[in-house]
Amino acid sequence: VIGAPKIERAIALAQVAPDTIFVVETEENARDLATAATRAGVDLNLALDLYFGRTGINPGAPAVDLARVVVRQPRVRFAGLQAYDGAAAHTTPFAARQARSTASMKQAVETRRMIEREGIACPLVTGGSTGTYRIDAEIAGITEIQPGSFAFMDAEYAGIGGPDGAEYRDFSQALTVIATVISRRPGVAVVDAGYKAFATDRPFTPAPIDLPGVTYGWAGDEHGRLDLSASDVDLRTGDRVAFVPPHCDPTVNLYDVIHAVRGDQVEAIWPIAARGKSQ
Ligand SMILES: Cc1ncc(COP(=O)(O)O)c(C=O)c1O
């Protein structure tokens, strides 16, 4: 959480949700947060964000030095280590993922040992993801795993591979985007779902469900083109087509609600509370 306006919001969050843990990678940020916490009269939980390729401080001695600074800050509780290796989550095949995540998490556990040798309690070592949860859960010293996508899954995660082959079968696909066929030409059906309906950060397109041989292509903000030429599937305007999105997290962020469906019954409508909170 960097910069005065965001730190103010972090303090406001800590006032209503005191269990929230914020991560830091620099002394300066730890001091800024502590100063704001002191001014507001609130206690903050701070963890060190360890670097595994995105943000954070290097594990080992640099992290120990930062832990020493964090524990000296007023109104700060040192929570421990955030050890999220996002790239490990998507490494294929499984054996390579296992090797990468094990190496990263071992660095985190070793960093905790080093911090504790300084007499600093380091309760939390949290890491892991949908792709690595079963690897990380086996590593002594990891105290918490933090997978998220498993609740929905998506086309990318289905393809990262499991211990038994190219498909990752630990979790089922639960998230679909439903579109309607709005236009039809020989060999082509156009649906009302384009860039605004699916996150587009993956190098592949949404996967139509139960339409063998049918492929989706982007056709604009509001449109997608289904190529039916290699398929026996017949679609008519008005037909509804369900897709597994390429990437669940940013796709969910495009919608106000989720319709929770069992069979053909909508059992609940869940608001997506964190949608659009990127400011
Ligand atoms: C810090 C952190 N932890 C956990 C996760 C969950 O990862 P996944 O959705 O791959 O299970 C994410 C995902 O973006 C993350 O950024």
Side-chain angles (χ1 to χ4, degrees), residues 21 23 25 47-64 66 80-115 122 124-177 198-209 212 215-216 218 243-253:
I21 302 173
V23 295
E25 65 169 49
L48 305 190
D49 186 21
L50 295 184
Y51 179 80
F52 295 108
R54 188 168 65 181
T55 57
I57 183 144
N58 284 341
V64 177
L66 183 55
L81 303 175
Q82 153 87 322
Y84 174 70
D85 181 352
H90 306 275
T91 300
T92 60
F94 185 80
R97 190 152 80 248
Q98 189 165 34
R100 173 165 177 155
S101 200
T102 302
S104 296
M105 293 309 111
K106 287 198 165 161
Q107 286 186 67
V109 170
E110 176 53 22
T111 302
R112 180 202 208 183
R113 269 194 218 110
M114 292 168 69
I115 290 171
C122 184
L124 187 70
V125 185
T126 177
S129 61
T130 298
T132 65
Y133 78 97
R134 60 153 87 195
I135 300 161
D136 307 330
E138 297 295 322
I139 296 174
I142 298 293
T143 65
E144 181 190 88
I145 54 167
Q146 42 177 289
S149 299
F150 73 98
F152 293 135
M153 293 296 285
D154 55 34
E156 192 275 341
Y157 254 135
I160 62 167
D164 59 349
E167 200 184 327
Y168 193 44
R169 300 174 203 272
D170 290 26
F171 306 102
S172 311
Q173 297 292 342
L175 185 73
T176 57
V177 169
F198 303 98
T200 56
D201 60 320
R202 300 296 192 214
F204 42 81
T205 54
I209 297 174
T215 52
Y216 174 100
W218 305 111
F243 296 88
V244 172
H247 189 184
C248 63
D249 325 36
T251 298
V252 168
N253 190 53

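Numbering starts at 1 and runs along the sequence shown. Values in this document were obtained by computation on a predicted structure and should not be read as measured data.
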Requested in this report: Please report the closest heavy-atom contact between A108 and V125, naming both atoms and the distance.
Outcome: CB-CG1, 3.9 Å
Query raised in the report: Is L175 close to D154 at the side-chain level, that is, under 4.5 Å between some pair of heavy atoms?
Result: no
Query raised in the report: Hey, would you say the Y216 and F243 ring centroids sit under 6.0 Å apart?
Result: yes
Requested in this report: Measure the spacing between CG of D136 and OH of Y84 and express it to the nearest 0.5 Å.
Outcome: 11.0 Å
Query raised in the report: With a 4.5 Å heavy-atom cut-off, do D85 and M105 have their side chains touching?
Result: yes
**Report entry** Closest contact, heavy atoms only, F204 versus A155
**Finding:** CE1-CB, 3.8 Å
Report summary line: For C248 and F152 the tightest heavy-atom approach is CB-CB, 4.2 Å
Query raised in the report: Roughly how far, to the nearest 0.5 Å, is the CD atom of Q107 from the OG1 atom of T102?
Result: 11.5 Å
Requested in this report: Tell me whether the centres of the aromatic rings in H247 and Y157 are closer together than 6.0 Å.
Outcome: no
Report task. Could you tell me whether a side-chain N or O of T251 sits under 3.5 Å from a main-chain N or O of F198, the two making a donor and an acceptor? Result -> no
Requested in this report: Please check if the side chain of R97 supplies one atom and the backbone of T91 the other of a donor-acceptor pair under 3.5 Å.
Outcome: yes
Requested in this report: Identify the heavy atoms of P250 and D201 that sit nearest to each other, and give their distance.
Outcome: CG-OD1, 4.2 Å
Query raised in the report: So do P206 and V177 actually touch side chain to side chain, heavy atoms under 4.5 Å?
Result: no
Report task. Run through R112, R113, K106 and flag the one making a salt bridge (Lys or Arg N to Asp or Glu O under 4.0 Å) with E110. Result -> R113
**Report entry** Distance (rounded to the nearest 0.5 Å) between L66 CG and E25 CD
**Finding:** 9.0 Å
Report task. Search all heavy atoms of Y168 against all heavy atoms of G162 and return the closest pair with its distance. Result -> CD1-CA, 3.9 Å
Requested in this report: Check I160 against G131 and note the closest heavy-atom contact, atom names and distance.
Outcome: CD1-CA, 3.8 Å
**Report entry** Atom pair CD1/CG of I57 and L48 - distance to nearest 0.5 Å
**Finding:** 7.0 Å
**Report entry** Flag side-chain contact, heavy atom, 4.5 Å: L124 against I21
**Finding:** yes
Query raised in the report: Hey, does the side chain of T130 reach the backbone of S149 with a donor-acceptor pair shorter than 3.5 angstrom?
Result: yes
**Report entry** Pairwise distance CD1(I135) to CD1(I145) - rounded to 0.5 angstrom
**Finding:** 11.0 Å
Report task. Determine, stepwise, if the pair I115 / L81 fulfils side-chain contact (heavy atoms from CB on, under 4.5 Å). Result -> CA-CA 10 Å; I115 290 171; L81 303 175; 3.9 Å; yes
Report task. Could you tell me whether a side-chain N or O of T132 sits under 3.5 Å from a main-chain N or O of G128, the two making a donor and an acceptor? Result -> no
**Report entry** Under 3.5 Å: donor-acceptor pair, side chain of E167, backbone of G161
**Finding:** no
Requested in this report: Give a yes or no on whether the backbone of Q82 and the side-chain of T126 come within a donor-acceptor separation of less than 3.5 Å.
Outcome: no
